[in-house]
There are 2 protein chains.
Amino acid sequence: MKPKIEDVARLAGVSPTTVSRVLNDRGYISNQTRDKVHDAMTKLNYFPNDVARSLFTKRSNLIGIIMPTTTNPFFGELTFHLENICASLGYKVLLCNSLNQKDKEKKYLDMLMRNQVDGIIVGTHNLGILNYQKQNLAVVSIDRYLSETIPVVSSDNYEGGKLATELLIRKGCKQIVLIDGVKELEKSYKRREAYIDTLVREVKVPIIYEIPEVFNVQKQQEIIENIFSEHPEADGIFATNDIFAASYITAAKRHGKKIPEDVKIVGYDGTETVRTVLPELTTIRQPIELIAKEAINILLREIEGEFTDFPHETKLPISLLEGSTT
Amino acid sequence: MKPKIEDVARLAGVSPTTVSRVLNDRGYISNQTRDKVHDAMTKLNYFPNDVARSLFTKRSNLIGIIMPTTTNPFFGELTFHLENICASLGYKVLLCNSLNQKDKEKKYLDMLMRNQVDGIIVGTHNLGILNYQKQNLAVVSIDRYLSETIPVVSSDNYEGGKLATELLIRKGCKQIVLIDGVKELEKSYKRREAYIDTLVREVKVPIIYEIPEVFNVQKQQEIIENIFSEHPEADGIFATNDIFAASYITAAKRHGKKIPEDVKIVGYDGTETVRTVLPELTTIRQPIELIAKEAINILLREIEGEFTDFPHETKLPISLLEGSTT
DNA sequence: CTGAAAGCGCTTACAG
DNA sequence: CTGAAAGCGCTTACAG
């Protein structure tokens, strides 16, 4: 059996109270007692039971992270940073990959609540979460508008979309196509909005392809394929994530299009993986680590009960990485 | 305040015992009572506190997953599958990104023990874990030999290394270089062993470059750069992961080498991300989802106390994906 | 500086 | 079919 505080107390010849105090470095304890207790703990190979502790303190130090899937390099990298920062602050991470499926999100949310998480960071367009707002649960959203009261942290999507579109125009593209996710997701919307605004200002016509099931590779390829038959004249592509951009590049090569001579391409995200695997891709780089830091920063302030002065939107600066696809 | 069982009991006019029985569907309860309890639960928006439950049952239904980093597409994808399977079986995942750093691994391990995880899946060369074996904690390792008693699940690394090397030989490469991690990691070793065996059989000389800090991109690039000055004659590259392969490709292009004419390249892993972003890369594909399934399968058997008949090594079949880099 | 007692929110024998 | 009591392993007022 695992040793418990009582076992340590007995071996050290003190009360459980005293052991607990040593453990938490709380109140006055004589050095002699402290040493006795420490000795007993090492002898028994004791480590405290955080479940019991949480039950009493009502603080789990657990953060729930709900992402579509860590398979996607953006979310994989974001999850890494979130977890890493949490760990450095003494928080533990319960990971949830919802694949953006509503039923899964609901189940995960229930699970997180039952496990008494102190807060949740959401990277999905999870609306079920609104039902839990009344429990005044601390929540921060990455890149998605969920409600008036849930803070959103994101890259400056409008600026990113503007930069990407302007670059393509500057490079002489006449017909610029947007490859985007579906419109309901707020993040896509701002990038798209900037694309449309910028094109319209130049008296150009927006052409938008929507990829509904972001994590269905085949579907994605089918839709991209349509661009070549429906808009063979397209000479500029702004993809709202690098995976879309890469898929387009593959298809373009198959169609004998030269990059960047025949068609120029800009992606979005600029993850470490894509920068290593496809360094030639011009892309808008998100400050992923910074996004993670800000999100946790705000979440912790919510947890500490400062439901006051944090901003509803936090837009972090993006940067343009120019490769050879433009 | 969050409602508790007692609140539900009071509202339903029954005892806490009865509510607990309804909750767990345990023992006999009249339908009428069950309905009353359910009504009260919805009225109060009650959900059970798993922390309290765990304390009593001594089952947390928590699985700890220790990976180097989900930033890496292989581990990001593996983590996704592991978590997904866990969720479908009612287990929750505590995520740890250790970056292969010993001090972090030790801290994570402590944390997992304190949180009473039912089992741990390790994707790092975490040796500190051996100290916990006495606690007879359920552990499964992915790809790394940790001890005689810890089951290892991996792709068939030797076969993969053999396939890769043989392909390069068959394609006419005279001087084949291996880009590998450091030798201590068992996984690398088998792939390397196969590379060496296969070359020696053909009376060729192995040339091995070791990349010590796998997650330090710059260091990685420096070492790869050396290949061009030290072995300009190299016309075949077997990289033990796709990221190394991609880094080499980038460098080769910079050096004006044509692929596959001047140099042929085979990677390892074949993650979804790399297959999408760099589909031209020839690689050995690991059955990542299968690895996840097997690992959890074995872990659950350990947890259920069947410390009997599971194999120490489980090697899952790899497959060769031929792109245009060979 | 140290200890006895109560309680965190559950579940499970044990009675009835 | 239902309830009172004890206990999971901890922590924290409250005494002393």
Side-chain angles (χ1 to χ4, degrees), chain A residues 1-38 40-41 44-62 92 110-118 135, chain B residues 1-38 40-41 44-62 92 110-118 135:
Chain A
M1 278 311 299
K2 285 178 188 160
K4 42 190 179 179
I5 253 186
E6 202 189 312
D7 302 316
V8 177
R10 199 178 314 118
L11 184 61
V14 298
S15 74
T17 309
T18 301
V19 176
S20 169
R21 263 196 288 258
V22 172
L23 227 38
N24 296 292
D25 210 12
R26 206 163 190 295
Y28 299 97
I29 329 125
S30 73
N31 283 330
Q32 198 195 339
T33 317
R34 192 196 314 274
D35 290 346
K36 275 193 303 184
V37 171
H38 276 139
M41 292 199 299
L44 293 173
N45 195 16
Y46 171 82
F47 47 88
N49 181 332
D50 272 4
V51 171
R53 183 178 285 179
S54 297
L55 182 58
F56 187 91
T57 61
K58 304 199 169 185
R59 270 296 225 106
S60 63
N61 288 316
L62 231 35
K92 301 154 281 188
D110 272 16
M111 180 276 274
L112 293 176
M113 294 305 287
R114 288 210 311 264
N115 282 275
Q116 315 298 116
V117 292
D118 293 336
Q135 317 268 1
Chain B
M1 277 312 296
K2 286 178 189 160
K4 42 190 179 180
I5 253 186
E6 202 188 313
D7 301 317
V8 177
R10 199 178 314 118
L11 185 60
V14 298
S15 74
T17 309
T18 300
V19 176
S20 170
R21 264 196 287 259
V22 171
L23 228 38
N24 296 293
D25 210 12
R26 207 165 189 294
Y28 300 97
I29 330 125
S30 74
N31 283 331
Q32 198 195 339
T33 317
R34 193 197 313 274
D35 290 347
K36 276 194 301 184
V37 171
H38 276 140
M41 291 199 299
L44 292 173
N45 194 18
Y46 171 83
F47 47 88
N49 181 331
D50 273 4
V51 171
R53 183 178 286 180
S54 297
L55 183 57
F56 187 91
T57 61
K58 302 196 170 186
R59 272 294 226 107
S60 63
N61 287 316
L62 232 35
K92 303 154 279 188
D110 271 17
M111 180 276 274
L112 294 177
M113 295 305 288
R114 288 209 312 262
N115 283 273
Q116 316 298 117
V117 293
D118 293 336
Q135 317 269 359

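Values reported hereafter were calculated over all heavy atoms of this structure, with side chains retained and with hydrogens, waters and symmetry mates removed. So that the names make sense, note that chain A is the first sequence line, chain B the second, and so on, each numbered from 1.
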How close or far is atom [atom2] of [N] from atom [atom1] of [X], stated in whole angstroms?
X       : N      : atom1 : atom2 : answer
A:Asp35 : C:dT2  : CG    : P     : 11 Å
B:Asn61 : C:dC10 : CG    : P     : 16 Å
A:Arg21 : C:dC1  : CZ    : P     : 11 Å
A:Asn24 : C:dT2  : CG    : P     : 16 Å
A:Leu23 : D:dC10 : CG    : C1'   : 9 Å
B:Asn49 : C:dT11 : CG    : C1'   : 13 Å
B:Phe47 : C:dC10 : CZ    : C1'   : 15 Å
B:Asp25 : C:dT12 : CG    : C1'   : 16 Å

Roughly how far, to the nearest 0.5 Å, is the [atom2] atom of [Y] from the [atom1] atom of [X]?
X        : Y        : atom1 : atom2 : result
A:Leu112 : A:Asp118 : CG    : CG    : 11.5 Å
B:Lys2   : A:Gln116 : NZ    : CD    : 4.0 Å
B:Lys58  : A:Asn49  : NZ    : CG    : 9.0 Å
A:Tyr46  : A:Lys4   : OH    : NZ    : 10.5 Å
B:Asp50  : A:Ser54  : CG    : OG    : 12.0 Å
A:Met111 : A:Met113 : CE    : CE    : 12.0 Å

Please work out if [X] contacts a base, only the sugar-phosphate, or nothing of the nucleic acid, heavy-atom cut-off 4.0 Å.
X       : answer
A:Thr33 : sugar-phosphate
B:Ser20 : base
B:Asp50 : nothing

Residues A:Thr17, A:Ser20; criterion side-chain hydrogen bond (donor to acceptor under 3.5 Å, both in side chains); working and verdict: CA-CA 5 Å; A:Thr17 309; A:Ser20 169; over 6 Å; no
Residue-phosphate contact under 4.0 Å: B:Thr18 side-chain N/O, D:dG3 OP1/OP2: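 The answer is yes; a side-chain N or O of B:Thr18 sits under 4.0 Å from OP1 or OP2.
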Any A:Tyr46 side-chain nitrogen or oxygen under 4.0 Å from OP1 or OP2 of D:dG9: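 Answer is no, no contact under 4.0 Å.
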Salt bridge (charged side-chain N to carboxylate O under 4.0 Å, His left out) partners for A:Arg34, two or more places apart: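 By the salt bridge (charged side-chain N to carboxylate O under 4.0 Å, His left out) rule, A:Arg34 matches A:Asp25.
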Which residues share a salt bridge (charged side-chain N to carboxylate O under 4.0 Å, His left out) with A:Arg10, sequence neighbours left out: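 If we apply the salt bridge (charged side-chain N to carboxylate O under 4.0 Å, His left out) test to A:Arg10, skipping adjacent residues, the hits are A:Glu6, A:Asp7.
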A:Arg53 side chain, from C-beta outward: closest of D:dC10, C:dC1, C:dC10: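 Selected nucleotide: D:dC10.
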Any residue of residues 6-16 of chain A with a heavy atom less than 4.0 Å from an atom of DNA chain D: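 DNA chain D contact set from residues 6-16 of chain A: none.
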Any residue meeting side chain to side chain contact (heavy atoms under 4.5 Å, CB included) with A:Leu11, in chain and number order, not counting sequence neighbours: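 Per chain and number, A:Leu11 pairs via side chain to side chain contact (heavy atoms under 4.5 Å, CB included) with A:Ala40, A:Lys43, A:Leu44.
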Shortest non-hydrogen contact between B:Val8 and B:Val37, atoms and distance: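 B:Val8 and B:Val37 have their closest heavy atoms at CG1-O, 4.1 Å.
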Nearest non-hydrogen partners of B:Ser15 and B:Ala9, listed with the distance: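 Taking every non-hydrogen atom into account, C-CB, 3.7 Å.
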Output one line per pair: protein atom, nucleotide atom from nucleotides 5-8 of chain C, and distance, for all N/O pairs under 3.5 Å.
none

Stem regions touching DNA chain D, defined by at least 3 consecutive Watson-Crick or wobble G-U pairs below 3.5 angstrom: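 Expected stems, ordered by start: C:1-3 with D:14-16, C:5-12 with D:5-12, C:14-16 with D:1-3.
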